Amino acid sequence: MPFKAVRADKTDAGQDVRFAVMEESELMDGDVTVRVSHSTVNYKDGLALSGKSAVIRRFPMVLGIDLAGVVETSNHPGFAPGDEVIVNGYGLSETHFGGYAEKARVKGDWLVKLPPTLSPAEAMAIGTAGYTAMLCVMALERHGATPAAGPVLVTGAAGGVGSTAISLLAGRGWTVIASTGRASEADYLRGLGAAEIIDRATLSAPGKPLGKELWAAAVDSVGSTTLANVLAQTRYGGAVAACGLAGGMDLPATVVPFILRSVALLGVDSVQRPMPDRIEAWARLAVELDRTKLAAITHTIAFDQVFDAGRKILAGEIRGRTVVTIG
Ligand code: NDP
């Protein structure tokens with residue numbers, strides 16, 4: 001049966017990204033075929049949907065870095081028809097057809113079984129952004145950071161990673177400081193558990209190599225000057241989990257916070273993350289993420305609205321997380 005997908009094709013002028021009708025025979029190699037029910041819109045999806053970014057590394061490409069759905073056919077010993085599954089990353093929308101399609105064929109080794117207490121829509125409300133927020137929490141905890149050490153800063157607070165990180169960290173007993181450019185979202189951020197809201201402008205101008213020691217830990221999805229200032233204002237022995245570049249991919253920092261305050265910069269990648277961490281992250285999300293808060297950060301759109309959502313996430317106009325109903 002033909003199915004609907006968002007497909008990017010290479011053209012003389014660059015990229016042509018649009019809805020296309022595709023055949024199952026066009027799907028890429030893999031041992032599991034999934035009927036996709038839901039996907040989501042992450043910042044990276046916005047970049048790919050724009051048709052102007054280098055996210056896509058082979059053409060044609062089906063977009064969507066996340067998917068949730070039901071196994072239709074499987075030659076993988078770990079999965080059988082009817083299993084509900086999630087895929088994040090692993091090159092979806094970069095080198096392998098992704099989740100903006102009613103059908104996907106992937107490697108069974110990439111699949112995580114949907115935790116029994118999560119629906120496919122809830123899993124995509126979490127999506128790569130929420131799962132990355134949990135990877136950041138895990139990175140801080142593995143470093144030994146605890147709420148007793150002092151407050152934790154979350155940058156890009158009203159975005160997908162930021163909103164989920166606030167909810168998770170507040171739930172773990174942290175005092176959360178939320179940095180946002182949207183003062184209008186203060187009530188929303190307090191509702192997620194933020195104790196204090198700061199204007200992101202206080203972090204975006206070039207600062208000193210060392211500042212006042214304001215937080216014991218941080219989750220940063222912004223990068224650039226913001227991350228440099230976050231490091232400079234982290235307390236002695238603290239840690240910063242860095243996962244994003246919403247403010248830029250440069251890092252105009254000095255080594256001073258590392259060598260004078262033993263501050264640790266913890267890099268967080270979600271795409272090639274080994275399976276044990278994925279399983280741990282999803283299991284913890286299913287238990288620790290407050291569902292009322294998850295509902296509060298989520299809005300749902302139809303498949304046809306995905307281009308509009310992509311434009312809005314790049315413009316910083318999306319609050320929290322977006323679920324896309326695929327089929
Ligand atoms: P969102 O667009 O939902 O959130 C990003 C937030 O960053 C915005 O809501 C805004 O928050 C803030 N922001 C945007 N532009 C700027 C700017 N110029 N300066 C300062 N702050 C800014 O994106 P996601 O939460 O989905 O992703 C966040 C980042 O994390 C992205 O860069 C993404 O690529 C990256 N990421 C990386 C992953 C990994 O594997 N390492 C996985 C997932 C995401 P506010 O309005 O509150 O100021």
Side-chain angles (χ1 to χ4, degrees), residues 39-50 53-55 64-66 88-94 124-139 153-168 176-190 192 194 197-206 218-230 240-251 265-274 277-278 281 297-299 309-323:
S39 186
T40 175
V41 182
N42 298 279
Y43 192 84
K44 194 167 169 183
D45 293 310
L47 291 173
L49 284 162
S50 75
S53 102
V55 168
I65 68 169
D66 282 312
N88 299 98
Y90 280 126
L92 294 193
S93 178
E94 297 178 52
M124 290 297 98
I126 295 168
T128 288
Y131 145 75
T132 303
M134 178 53 93
L135 293 177
C136 290
V137 172
M138 286 162 51
L153 174 75
V154 176
T155 63
V161 173
S163 295
T164 319
I166 293 169
S167 180
L168 288 169
V176 181
I177 303 170
S179 164
T180 184
R182 291 182 262 179
S184 56
E185 299 297 358
D187 286 346
Y188 163 79
L189 297 170
R190 284 203 181 87
L192 296 180
I197 317 291
I198 62 171
D199 185 341
R200 78 183 192 199
T202 62
L203 293 169
S204 58
V219 171
D220 177 62
S221 58
V222 173
S224 191
T225 313
T226 297
L227 177 54
N229 287 325
V230 170
V240 178
C243 70
L245 41 62
M249 66 190 291
D250 58 333
L251 180 53
L265 178 56
L266 312 172
V268 175
D269 162 66
S270 69
V271 175
Q272 298 300 336
R273 182 60 63 131
D277 278 359
R278 290 172 182 263
I297 71 172
T298 305
H299 74 285
R311 186 189 55 72
K312 284 185 177 149
I313 201 164
L314 294 186
E317 293 169 12
I318 296 265
R319 177 173 97 172
R321 301 278 305 132
T322 304
V323 172

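As the structure lists them, so they are numbered: ligands from 1, and atoms in each ligand from 1. Fair warning: this is a prediction, and the values are worked out from it, not measured in the lab.
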* Within 45° of the six-membered ring axis of Tyr131 and under 6.0 Å from that ring's centre, is NZ or CZ of Arg273 located there? ->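 Judged by the rule, Arg273 and Tyr131 form no cation-pi pair.
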* To do: Looking only at non-hydrogen atoms, find the nearest pair between Leu189 and Ala178 and report the distance.
  =>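 Residues Leu189 and Ala178, closest heavy atoms: CD1-CB, 4.2 Å.
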* Asked: Considering only heavy atoms from C-beta outward, does the side chain of Leu314 approach that of Ser50 to under 4.5 Å?
  ->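 Heavy-atom side-chain distance check passes, below 4.5 Å.
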* Kindly write out the residues that satisfy ring-ring contact (aromatic ring centres under 6.0 Å, His included) with Tyr43, not counting sequence neighbours, or none if the list is empty. =>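 ring-ring contact (aromatic ring centres under 6.0 Å, His included) check on Tyr43 returns nothing, list empty.
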* Donor-acceptor pair between Thr40 and Arg321 side chains, under 3.5 angstrom ->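 Per modelled atom types, Thr40 and Arg321 side chains form a pair under 3.5 Å.
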* **Any donor-acceptor pair under 3.5 Å from Asp220 side chain to Gly223 backbone** =>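 At least one qualifying donor-acceptor pair exists.
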Please tabulate, line by line, the atom pairs linking an N/O of ligand 1 to a protein N/O at a distance below 3.5 Å, with the distance in Å to 0.1, or answer 'none'.
from     : atom 1 : to     : atom 2 : distance (Å)
ligand 1 : 3 (O)  : Gly160 : N      : 2.9
ligand 1 : 9 (O)  : Gly159 : N      : 3.3
ligand 1 : 9 (O)  : Arg182 : NH2    : 3.0
ligand 1 : 13 (N) : Arg200 : NH1    : 3.3
ligand 1 : 15 (N) : Ala246 : O      : 3.4
ligand 1 : 21 (N) : Arg200 : NH1    : 3.3
ligand 1 : 25 (O) : Gly160 : N      : 3.1
ligand 1 : 25 (O) : Val161 : N      : 2.8
ligand 1 : 26 (O) : Tyr43  : N      : 3.4
ligand 1 : 32 (O) : Leu245 : N      : 2.9
ligand 1 : 32 (O) : Ala246 : N      : 3.2
ligand 1 : 40 (O) : Ser270 : N      : 2.8
ligand 1 : 40 (O) : Ser270 : OG     : 2.7
ligand 1 : 41 (N) : Cys243 : O      : 2.9
ligand 1 : 41 (N) : Val268 : O      : 2.9
ligand 1 : 46 (O) : Arg182 : NE     : 2.7
ligand 1 : 46 (O) : Arg182 : NH2    : 3.2
ligand 1 : 47 (O) : Ala157 : N      : 3.4
ligand 1 : 47 (O) : Ala158 : N      : 2.9
ligand 1 : 47 (O) : Thr180 : OG1    : 2.6
ligand 1 : 48 (O) : Gly181 : N      : 2.7
ligand 1 : 48 (O) : Arg200 : NH1    : 2.8

